[in-house]
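Notes to accompany the following structure.
From a predicted model like this one, the values you see are computed outputs, not experimental measurements. Lettering follows sequence order; numbering is per chain, from 1.
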Amino acid sequence: MKPTIQRLPHARVDLSTPIEFSFDGRRYTGYAGDTLASALLANGVDVVGRSFKFHRPRGIFAAGPEETGAFVQLGAGARGEPNARATLVPLYPGLSACGQNAWPSVRRDLWGVLDRFRALLPAAFYYKTFQWPSWHFWEPLVRRAAGLGRAPTAPDPQWYVKENAHAEVVVVGAGRSGLRAALEASAGGRDRVLLIDEQEFPGGSLLASPDPADRAWLDETLATLAARDNVTLLTRTTVNGYYDHNVLAALERCTDHLGPAAPATQPRQRLWRLFAGRVVLATGALERPLVFPDNDRPGIMLASALCEYALRYGIVPGAELALYSNNDSAWRRALALTAHGVPVAHIVDVRREVDDALRQAAARAGIVQHLGHAVVETRGDPALHGITLQALAPDGSGLLASRKNLSCDVLALAGGWTPTVHLYSQAGGRLHWREADSCFVPAGCAQAVTVVGRAVGDFGERLNTEPLWVTPGVASNRQWVDFQYDVTAADIELAVRENYRSVEHLKRYTTAGMSIDQGKTSNVNALGLLAGLSGRPVPEVGTTRFRPPYHPATLGAFGGLETGSLYQPFQRLPAHESHLALGAALEDYGAWQRPAYYPRHGEREAEAVTREVRAVREAAGLLDYSPLGKLEVRGRDARGFLNRIYVNNLLTLRPGFARYGLVLNEAGIVMDDGVVVCLAEDHFLLHTTSGGATAVREHLEECLQCEWTGLDVIVTDVTTAWATVMLSGPAARSVLSAVPTDLDLDREAFPHMQFRTGHFAGVPCRVLRASFTGEVSFELSVPAGYGRAAWEALLAAGRGHGLLPFGLEALMVLRTEKGYLHVGTDTDGTTMPQDLGWGRAIERQEADFIGRRSLDLAVGRDPERRQFTGLEPLDPAARLSDGAHVLTPDGSASAGYVTSACYSPTLGRTVALGLVAGARSRRGEVVKAWFAGETVPVRLVAPAFYDPEGARLDD
Amino acid sequence: MTRYSALSLLRGALNGHRDWPQAWRNPALKGSYDAVIVGGGGHGLATAYYLARQHGMRNIAVLEKGWLGGGNTGRNTAVSRSNYFYPESTRFFDHSLRLYEGLGRELNFNIMLSQQGIIGLASSRHELETYRRWVTAMQLQPVDAELLTRDQVAARVPLLNMSRRARYPVYGAFMQKRGAISRHDAVAWGYARAADALGVDIIQHCEVTGIDIAGGAVCGLRTTQGTVRSDKVALAVAGHSSVLAAMAGLRLPIESQALQAMVTEPVKPCFDHIVISPAVHCYLSQSDRGEFVIGGGTDMYPSYGQRGSLRGTEAVLGAVVELYPALSRLRLMRQWAGIVDISPDTSPIIGKTPVTGLYLSTGWGTGGYKAIPAGGETLAWTMAEDRPHELIEPFGLDRFASGRLIDEGAASGVAH
Amino acid sequence: MMRIECPCCGLRSEDEFRCGGESHIARPAEPASVDDETWAAYLYLRENPKGVHFERWHHRYGCGQWFNVARDLVSHELVAVYPMGAGKPQLDRGERA
Amino acid sequence: MTELAWQDPLRGGAVARDGFRLAAAEDLTLVRLQLSAADPGAASRAEAALGAALPATGGVVEGSGCRVAGRAPGDWLLIAGGGETASLVQTLKSALAGCTAAVTPATDGQVALRLTGPARERVLARGTTLDLGRLAPGQCAATRFAGVPVLLVPEAEAMLLLACRSLAVYLRDWCDAASADCC
Ligand SMILES: Cc1cc2nc3c(=O)[nH]c(=O)nc-3n(C[C@H](O)[C@H](O)[C@H](O)COP(=O)(O)OP(=O)(O)OC[C@H]3O[C@@H](n4cnc5c(N)ncnc54)[C@H](O)[C@@H]3O)c2cc1C
Ligand SMILES: NC(=O)c1ccc[n+]([C@@H]2O[C@H](COP(=O)([O-])OP(=O)(O)OC[C@H]3O[C@@H](n4cnc5c(N)ncnc54)[C@H](O)[C@@H]3O)[C@@H](O)[C@H]2O)c1
Ligand SMILES: Cc1cc2nc3c(=O)[nH]c(=O)nc-3n(C[C@H](O)[C@H](O)[C@H](O)COP(=O)(O)O)c2cc1C
Ligand SMILES: [Zn+2]
């Protein structure tokens, strides 16, 4: 560990605000404006992480999102975060981080022993072995080595939000070129301009320029933009995805920079959906390392990182600095560094020829130059203290004999620039290989996007890059290409040897580029190497596909606010609060929160349900039925239209009357059922299942708009406009009569399957006499605002009549006793109306209706169709579960199954409904029902156990 | 074919891994073949392998427009299971799972089949009812399946949100313990290597652009590498089935849609099963590298875009966070999509076509990875015998005119 | 995430819409008189082209209207938007196979 | 006759922060008007009754005693001051007698939430992908907010958000959470 380093005067950190933090249990001090990486570097911490596969020590390699080794476990507990890039974590008071993927610590990691077995573990070795005795045996061992950091085990205590923004121009990247683009786009004052940068501060590479002119330009530009109303600047915001139609996604880290001090009122991160007219990508460029033996040692970093740490954070990270380069930009930066108090001792350049002016300037700056040389060895313990150079043979095929040893503790790599074209490529943009700079640059995109600055390969300088994809003449199995997943040049050679030559095969076979940096610094090196090895030019090899996110993005942000009770809405019943007060057990029924049952103190579900069933059978019950779908259909063509929708003949339905009906889809499958009420010759009210209301409405609309256009029909969904209760039981009429109403409730005046409108306690009401329980029932609707009061009024009116509220579970028992079908429970995705006993009625029906033709396909005429039936265990006390299957006579297979089953409190026995092959012609037959290893003999019976004649309905 | 083994790996270690042979050749396209399979995905490669291995045909080509295994086989979440409702499905998929169980050794390529068990969560009474019906159907086959109580689920999936007040509380679950994930690439590569060793020509970067038909029978193909003659041609091109069928003058009951998947950054193992929640449309498992592999539903509109929409990503990840609130701070590392071939009943369409000598393997939709071994084996049989193998007879193209759809989604609530 | 131009409401994002699949599929006028193959073709057979697709969309969260869209299934570019009932538009860029 | 109490869909709940407030717009009553396109005479009769030309989808006009918002083709929401429903419904019904038209009281089926405060745009932008910057007074938009269908009607210094009554409490909770940082 090196001593703490003094900052240079141009440092963009606040030296007056020291910040304490800890890493691996030791305390350190940095300054406001630092990142964890810069602070660690300034404190001389050299080993920060361990690589994935071989647990090689890793130091700080980059200064941005392209970091390859400095991943830490940040914080602990529920707020902990694995794999945090030290280079992206702004320093805050109380920051505490640990090394990860190591035991006991990243400095002394016993897993490091794996590195010794490297020869046995080449790329994809696992496909070739572990089959004896079996993979099953080996997997747990291999699995133990998986992963990097640790996931928290407790729920995330912080919150996230998503936000939508629309802008005529979205500029991504607030470096010099992005700032220029934003100035230009916002000049007119009209267009909304959104300027976005992932860093803590806008400025991009300008932030690492100590040049006063650059700093002044930046300040001035930011002031100008701030003064323009039409410009919004988002920092700490990474644009991660570029989707169709110029929609982008960006992740803003709102309070991460505050650490534990982040206020609970603020979201941790925010996912932006950006809807852009035009996009300007000014995302800059990333530097590449060079590939040479032991190039992954702590102390070796990108030249761009060295500049950033030295010129932005004012840190001189070592005593002897060397640069290893293949292009001119490294030379200019070496000069800048030297000029600003960070003397570069050596430049090693693979090129034999370098621009004279640069060489002279370097000489004047006292930099020792090693042209035409390659680094062939690095030494350190583990951090770098020396390197060995060898001259490259003039034809580039190997090395010359002479070796030079240099001592240095920082080696900065400048292997060429890679424009940050990730987003451009995601947008569908094509890339072009620019040989002169050895990089891919944008070459055309169908979306409205322009690319500027370094991202388009406009580097503002001549680079004269001369790639050296691998160091020849030395072992390739120590030359790292992908530092995170420990992919070496030898792995790539192996893949090519085995014919995994497609760049996509290479990636998957070696895992190069599949780690958490997604190959930001390694991909181009890998494909340069691949091109050389397979004798193809780079453009023919191509790149692997760029995918979102550009930088890994927190899962929580994609959920946003929509977690817990906001995950998906529940619809609330008008009488919700009354149900709560009655102690109802509320459950989810088709996105409505509805009472399942109303347990009394100490009562279990079955007991409560039995009590509620008895009340309905013996006195009266009240069910909140508000979710019942209610669709009004009117118009001159309404009747004819509905006649094509419903299986039934509706041409004969008269005003005031109601008819039970089925709706099919065009494949003939039962989609919904319900009661159709005729309000007037040209006006109908459809009751649908609660779960089916939206689907049926949309079905009607689709038919009207797409299939039978021009009909004179209006559909109005009034489901939530009316609160509905089902008042059911022998005492129902008496209960209803106890509330003031102008309805004539008399049995003859208001028979079963008729409908009336009137007033209930002074408010308008609609009442249908239909029954889903088998008892006399009134389905009474009042305007939803009066729903709760109506519920309370009926409960009060029923007090003397033994009325109880009942929930859906009791309703299920009641209708099962009666053999009433519940669509979705007693039907499945194959059920056709003939399976429900509608065959005759359909034959009589003359008109075509949706789904009718499909009933005539071979499948519809199959005698083995599963038909709706009642099932009755021979032993009345036998229990039968829904889901039990009825066996074929030889007991070998399923002939159908039980769809509904319950103990009937009314009949004192188990009753069940089901779908069984050919059941309608097998009434009386005894079959076996099988569930959980047990067989129950049951008789196939008509689906009507209780009051099969329906006498009670006309009471 | 050099056998892969620990020993050969050791030999490799001693000589710098310099002697490994090519996993497959790069043969030139010949003028004619006894059978040509279009599509170098799992199904195409497996079909070729079984044709060679079990039916003694050697003059076979697999034509792949891109790189082999680069279609859905190379981008799927690698779940294999055989928990289906209808016996037709269970029989077929369980056969496939059994083949998977021995596949690594058969191909001498470790496909890393990890039988962690698949757990399907029930989030309502109704779902639990469906599971009871479904598990019983499987047990009758018999295929392993069991119901889990809430407590059993909580013990197996400690990260799961078990709050009773959750929007979708856990009522229970089904489990198939033999449910597995495996290395998808290894399946494609293993079949390719084994087929190649049996003499099959795998031609990559060879796109089929036309199908020649004479007298109602297929006689050849036009490709970007030239024309080729053959009177047995199978189409195993997944999301591109309609495109290829159109070349043969056929329209298919297929819609192509984008199906997304995604992975998080790798973390230490903390999740031991494959868990699916039909209510919120997401499923996940943790791979042996440590990343969570996450999937959900399709993007619900026709597409050949292979991108996937932001909305789809949000929906799936939102569901993950809701079900596993502790995973909220993990990061999404990569999101991608494949183009899947959705049939009206979400069941496969495999077998003969109205064109003599033209065979079809499509409709695998979101769930055909698990079917690769059995799909390949039965299609090979069907091609060799020119009549449908009994396991796939119910899955023919003719089922649409008879209405005999096999709608697993409608029956079990969980599609493929 | 696509942005779709609803003829009534203007440009809205994908999350407000639902795709109803291929458009211009005529329901047989007299279903009873067509054979099984014809009926199955109506129900299930689709063009599903890798190119411009004529399909219908429903502005489910907006005006509730159905309308037709010609959309490139690869790029997702909206080539044309036109009302229900209108015939397929002539596309100058031509339909790609 | 007993008078039943009318319950406000929010159950008295509201959001009151410095930057953002949400409350039920209790001063308003709502009527939905639907006309059949197959009945061309209906529109002019409705216009005469309303004293205003029916706006196109997305438009809002001031009629006599109510605002008329174009929700969809053939479908308008009439937003009136308190107590107007009965007379408005009656006027329209008699004006449209014999036409294919639906005049449906909507105060019970819908909830009208009024969002005010400087942060309302932000809260709205968190819930909808609609370009709110392009939604001016005189316009309205049927869109998706917090995952559910709503109608947005801008007012001076406020936004009216109309949705299904059964979702009122959910929407309140959602806006409450979405405005947690708008204090
Ligand atoms: C995100 C995602 C997750 C999935 N998860 C699962 C899962 O967990 N479990 C499961 O069982 N299934 C899953 N699936 C489905 C599964 O991946 C597929 O059903 C299966 O891989 C199909 O295999 P295939 O060989 O038929 O198709 P593919 O692997 O797609 O192969 C078809 C090949 O045909 C080629 N091709 C196309 N057109 C031409 C042409 N004109 N000429 C030549 N070649 C052509 C393509 O390039 C492609 O390589 C998932 C799919 C996706 C997209
Ligand atoms: N070679 C050098 O080091 C150097 C130095 C100074 C100036 N210059 C010149 O200055 C100009 C500046 O270059 P520039 O503006 O193209 O690049 P830049 O590197 O200065 O700025 C790019 C900015 O984009 C941000 N960014 C990248 N991807 C992003 C994403 N997905 N989301 C949000 N932000 C993202 C980066 O953090 C950075 O701040 C160039 O034209 C160059 O000539 C170059
Ligand atoms: C099961 C599975 C696991 C994956 N794991 C990773 C991973 O760890 N890292 C990674 O970068 N990509 C991973 N991928 C995604 C691939 O990189 C790639 O995105 C996918 O195969 C689709 O290919 P494409 O993106 O090139 O179109 C994985 C894919 C699958 C199917
Ligand atoms: Zn619209």
Side-chain angles (χ1 to χ4, degrees), chain C residues 1-31 52-90, chain D residues 32-38 43 54-61 68-77 102 104 106 109-110 124-136 138-154 161-164 166-167 170-171 174:
Chain C
M1 188 130 90
M2 294 191 288
R3 284 193 276 177
I4 297 168
E5 181 85 31
C6 168
C8 283
C9 307
L11 199 60
R12 298 293 180 87
S13 90
E14 179 186 317
D15 65 331
E16 295 191 2
F17 299 88
R18 168 170 70 117
C19 182
E22 185 174 333
S23 198
H24 306 288
I25 299 174
R27 187 174 194 270
E30 277 184 57
V52 174
H53 186 229
F54 299 92
E55 59 194 17
R56 68 191 195 205
W57 286 77
H58 176 215
H59 196 183
R60 178 185 247 167
Y61 288 87
C63 61
Q65 298 299 294
W66 284 91
F67 55 94
N68 283 317
V69 165
R71 184 172 60 98
D72 185 309
L73 295 192
V74 180
S75 70
H76 294 174
E77 184 198 346
L78 262 62
V79 184
V81 174
Y82 57 103
M84 285 316 303
K88 286 185 193 177
Q90 288 293 318
Chain D
R32 182 173 180 192
L33 169 67
Q34 290 165 283
L35 302 177
S36 165
L54 288 168
T57 303
V60 179
V61 301
V68 185
R71 249 195 88 255
D75 189 353
W76 294 267
L77 192 71
T104 316
Q110 299 260 296
L124 283 164
R126 290 175 173 185
T128 177
T129 52
L130 185 78
D131 187 351
L132 294 158
R134 295 280 173 270
L135 183 64
Q139 297 178 315
C140 67
T143 182
R144 181 176 189 171
F145 176 81
V148 303
V150 302
L151 180 71
L152 295 179
V153 183
L161 184 151
L162 297 124
C164 198
S166 57
L167 293 167
Y170 160 75
L171 284 168
W174 196 96

key: Reference residue T57(D); test side chain to side chain contact (heavy atoms under 4.5 Å, CB included); the match among C63(C), P7(C), C6(C)   =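 With T57(D) as partner, side chain to side chain contact (heavy atoms under 4.5 Å, CB included) holds for just one option, C63(C).
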
request  = Run through L130(D), D131(D), T128(D) and flag the one making a side chain to side chain contact (heavy atoms under 4.5 Å, CB included) with R12(C).
outcome  =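 Of L130(D), D131(D), T128(D), side chain to side chain contact (heavy atoms under 4.5 Å, CB included) with R12(C) is met by L130(D) alone.
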
request  = Can you measure from CE (M1(C)) to OG1 (T129(D)) and round to the nearest 0.5 angstrom?
outcome  =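 Reported value, rounded in 0.5 Å steps: 6.0 Å.
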
query = Which atoms of C9(C) come close to chain D, meaning under 4.5 Å heavy atom to heavy atom: side chain ones, backbone ones, both, or neither?
reply =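 The side chain, not the backbone.
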
key: Donor-acceptor under 3.5 Å (R144(D) side chain, D15(C) main chain)   =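 Yes; judged by distance alone, with no hydrogens or angles, the pair exists.
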
Over all atoms of both residues, closest heavy-atom pair of R71(D) and G62(C) =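 Closest pair (atom of R71(D), atom of G62(C), distance): NH2-O, 4.3 Å.
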
request  = Specify which of G70(D), A56(D), P149(D) makes the most heavy-atom pairs with chain C at under 4.5 Å.
outcome  =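 Top count of heavy-atom pairs under 4.5 Å with chain C: P149(D).
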
